[in-house]
Amino acid sequence: MPETLPAKPTTSPAQKALLKLGLRRDIDLALHLPLRYEDETRIARLADAREGDTVQIEATVMACEVTFRPRRQLLVTVDDGSETCLLRFFSFYPSQQKALAVGARIRARGEVRGGFGGLTMMHPSFRAAGGELPTALTPVYPTVAGLPQSYLRKAVLGGLAHADLSDTLPAPELSGSHENLSKISLYPLWSLRESLSFLHHPMPDVALATLEDRSHPAWQRLKAEELLAQQLSQLQAKRARDRLRAPALRPRRGGLHEKLLAVLPFKLTRAQHRVSEEIARDLAQPVPMHRLLQGDVGSGKTVVAALAAAICIDAGWQCALMAPTEILAEQHFRKLIGWLDPLLAPLGLRTVWLTGSQKAKERREMLALIASGEAALVIGTHAVIQDKVVFKRLALAIIDEQHRFGVAQRLALRGKASDPTNGSTMTADAQEPHLLMMTATPIPRTLAMSYYADLEVSTLDELPPGRTPVITKVVHESRRDEVIERIRAQLAQGRQVYWVCPLIEESEALDLVNATQTHAALSEALSGGGLNGGPAVMVGLLHSRMPAAEKKAVMALFTGGPGDAGAPGRMGVLVSTTVIEVGVDVPNASLMVIEHAERFGLSQLHQLRGRVGRGAAASACVLLYSTGEAPRLGETARARLKAMVETGDGFEIARRDLEIRGPGEFLGARQSGAPLLRFADLALDAGLLDWARQLAPQMLDQHPELADKHVQRWLGGKAEYLKA
Ligand code: ADP
Ligand code: MG
């Protein structure tokens with residue numbers, strides 16, 4: 001007889017919705033704070049209510065009917081003894097209609113509006129009258145479809161009751177941390193339990209402003225705890241990594257690294273020298289490097305990456321370089337193959353390339369080369385981290401434009417060296433590759449101190465010589481013709497032009513229409529051919545929906561010959577969607593036109609502008625804007641365009657961007673990889689951040705079990721992500 005299995009616990013839709021909100025544990029529920037509060041502690045008299053007040057009334061239903069004009073609605077007249085009021089519902093269940101039958105006593109809450117027929121409330125919340133009035137404000141929680149407030153409130157109450165809310169801050173007599181914290185937050189310290197109970201159910205006499213601006217001591221406590229958790233987990237990640245082993249890669253005299261330096265068509269800038277040395281020093285350590293190379297667009301990060309790769313290969317290991325787009329990966333491949341392959345060939349090694357669009361046969365060949373170790377350098381897109389890719393001896397992973405990758409992807413690339421299934425020669429003392437991340441979006445200091453506290457940072461603060469600053473102009477779209485004149489002038493000098501079409505977030509299809517139309521219009525406008533009867537101007541179109549091969553062909557026409565000495569491309573104008581945003585390097589391009597510039601983010605505009613000004617020619621960027629129906633541009637759009645005109649410095653741009661958007665937006669949850677701060681604000685809570693930064697190392701040393709508990713409580717399973 002088969003045993004009867006216990007019934008599987010079923011998950012209700014509301015439970016599923018809770019999970020969707022990430023509310024798994026009691027503590028998660030306890031930390032799910034209200035968006036706002038409703039005051040149900042009082043019953044108001046309708047006669048005293050002013051228009052616009054949100055009030056709670058207790059009244060008797062006098063009439064209840066469904067009408068169909070102008071649309072189906074339920075009209076309920078109630079009287080509270082002082083005045084009558086019409087409750088109007090456009091959507092309602094039969095059960096609700098029944099609860100509102102004539103004679104019923106109800107308690108309703110909503111905003112009072114005036115009208116022809118007297119007071120009305122649209123869609124008030126209501127229930128049967130009676131029962132005690134609550135003494136605290138009623139929380140309204142952030143929620144999702146299928147998860148009613150009532151269910152959520154109960155769940156949160158349960159979470160609060162069951163969660164372990166014992167104090168994890170080290171006792172004051174040990175570290176003085178409580179005292180310090182109250183000094184910083186200017187309040188006597190509240191306990192975690194007190195703070196949470198209060199924030200879920202504040203008394204009606206609380207100054208609501210202190211909840212809104214989060215200056216209330218309960219908020220201070222939460223923010224301090226959250227920042228401490230973040231600092232602790234970063235520090236833990238750093239210490240964990242310091243215990244890992246990586247191959248020590250030391251540059252040899254006369255090795256590949258020196259040979260590469262000798263064949264480069266230019267001399268390194270001082271900044272490139274400096275950061276290369278910083279990287280070389282890390283690589284020589286038997287501990288995995290975790291370094292971010294930040295440098296403005298065009299500062300020459302690629303060659304720094306190539307030099308690091310050379311050290312790695314010279315020491316007998318493999319290097320992987322991952323880029324976010326196929327175009328960029330292809331470009332890196334072409335450049336690096338030009339520099340490196342002549343040096344690799346005598347060693348029986350080569351550079352290979354991997355992308356999703358590769359033919360199966362070619363892919364298989366590449367995979368074999370990677371597995372055998374013959375492919376010393378592997379360049380590609382996300383394809384590099386797919387399961388099938390098995391490295392023989394990966395020691396260095398380089399991620400270009402790292403902010404474009406999600407954390408999981410970054411982790412996956414790192415995991416390539418320690419993959420237990422890869423049967424490689426990797427020994428136990430070499431489990432991790434060194435990691436070099438590159439970005440043109442610099443991290444402002446406060447963020448570096450918090451989100452990237454466990455990251456070493458190298459900065460290229462100098463552009464290669466001979467660059468002329470890009471002149472930026474903001475031009476209303478009505479002056480398109482003048483812009484086209486400018487294009488003609490550039491083309492006449494043998495220069496090339498980018499025209500970038502807007503990003504319409506809701507619809508890729510619309511983007512496409514826009515780019516296609518612009519392409520047609522420009523082709524038409526420039527069809528007069530080259531000046532003085534020269535050959536016709538070639539206008540190309542590039543967008544993300546194009547098959548990879550076609551993209552490649554278009555790019556090749558625009559890019560021209562490979563390497564730095566190659567001939568300029570034959571295509572004069574490239575109309576594209578933002579697929580060219582990052583990395584693309586065509587030094588002969590001297591004009592960038594960005595259509596609907598008001599729709600782009602600041603760092604994106606800066607990245608796009610960085611596509612020009614890469615050669616010696618004077619370059620310009622035209623920000624074409626439109627105000628649509630509105631009389632003028634919105635404030636933030638104006639601030640962005642203004643910043644673009646006023647500065648070409650990526651660091652200043654990042655600073656302004658942070659100012660305009662705030663850190664949450666700036667990082668974007670996916671990009672940062674770190675769970676964003678939910679409660680603290682780096683700009684406003686700098687004092688608390690300092691406190692957390694000071695306490696974290698002490699706490700890890702003196703109270704490691706408290707530190708663990710604290711991180712676990714706050715970040716739960718998410719702490720894993722901080723390691724990326
Ligand atoms: P980014 O930092 O934006 O990735 P790239 O690595 O694409 O910049 O470099 C931009 C251009 O500058 C490339 O054409 C590159 O070959 C060139 N370059 C890089 N370093 C130097 C240098 N030291 N001197 C002259 N040109 C350089
Ligand atoms: Mg680059």
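Counting starts at 1 for both ligands and their atoms, following the listed order.
- A salt bridge does not link Lys359 to Glu365: none of the charged nitrogens lies less than 4.0 Å from a carboxylate oxygen.
- Looking at Lys267 against ligand 1, only its backbone comes within 4.0 Å, counting heavy atoms.
- Ligand 1 lies out of reach of Ala440, whose nearest heavy atom is not under 4.0 Å from it.
- The contact set between ligand 1 and Lys335, taken as ligand atoms under 4.0 Å from a residue heavy atom, comprises 13 (C), 14 (O), 15 (C), 16 (O).
- Contact between Met438 and ligand 1 is absent, with no heavy atom of the residue lying under 4.0 Å from the ligand.
- Checking each of Glu277, Glu278, Lys301 against Ser458 for a side-chain hydrogen bond (donor to acceptor under 3.5 Å, both in side chains) leaves exactly one that passes, namely Glu278.
- Atoms of ligand 1 lying under 4.0 Å from at least one heavy atom of Gln272, given by number and element, are 19 (C), 20 (N), 21 (C), 22 (C), 23 (N).
- Contact atoms of ligand 1 toward Arg614: 3 (O), 7 (O), 10 (C) (distance under 4.0 Å to a heavy atom of the residue).
- For the pair Gly295 and ligand 1, no heavy-atom separation below 4.0 Å is found.
- Applying the salt bridge (charged side-chain N to carboxylate O under 4.0 Å, His left out) criterion to Glu477, with sequence neighbours excluded, gives no partner residue.
- Qualifying side chain to side chain contact (heavy atoms under 4.5 Å, CB included) partners for Ala305, counting only residues two or more places apart in sequence or in other chains: Ile398, Met438.
- Close contacts between ligand 1 and Thr269 involve ligand atoms 23 (N) [criterion: under 4.0 Å to a heavy atom].
- On a distance-only criterion, Val303 and ligand 1 share no N/O pair closer than 3.5 Å.
- Looking at Glu326 and Lys551, no side-chain N of the basic residue comes within less than 4.0 Å of a carboxylate O on the acidic one, giving no salt bridge.
- The atoms of ligand 1 that sit less than 4.0 Å from any heavy atom of Val297 are 3 (O).
- Under 4.0 Å is where a charged nitrogen must lie from a carboxylate oxygen, and between Glu646 and Arg656 at least one such pair does.
- Considering backbone and side-chain N/O of Trp339, none are found under 3.5 Å from N/O of ligand 1.
- Using a 4.0 Å cut-off between charged side-chain N and carboxylate O, Arg274 and Asp461 make a salt bridge.
- With contacts defined as side-chain heavy-atom distances shorter than 4.5 Å, the pair Arg291/Val275 does not qualify.
- For the pair Val593/Tyr498, no side-chain contact is recorded, criterion being any heavy-atom separation below 4.5 Å from C-beta on.
- Here Leu268 has backbone heavy atoms under 4.0 Å from ligand 1, and that is the only part of it that gets that close.
- Inclusion of Gly300 in the set of residues having an N or O under 3.5 Å from an N or O of ligand 1 is warranted.
- Against a heavy-atom cut-off of under 4.0 Å, Thr302 is close to the following atoms of ligand 1: 4 (O), 5 (P), 6 (O), 7 (O).
- Taking the six-membered ring where tryptophan is involved, the planes of Phe333 and Trp353 are essentially parallel, since the angle between them stays under 30° and well short of 60°.
- Under 4.0 angstrom from ligand 1, the non-hydrogen atoms of Asp296 all belong to its backbone.
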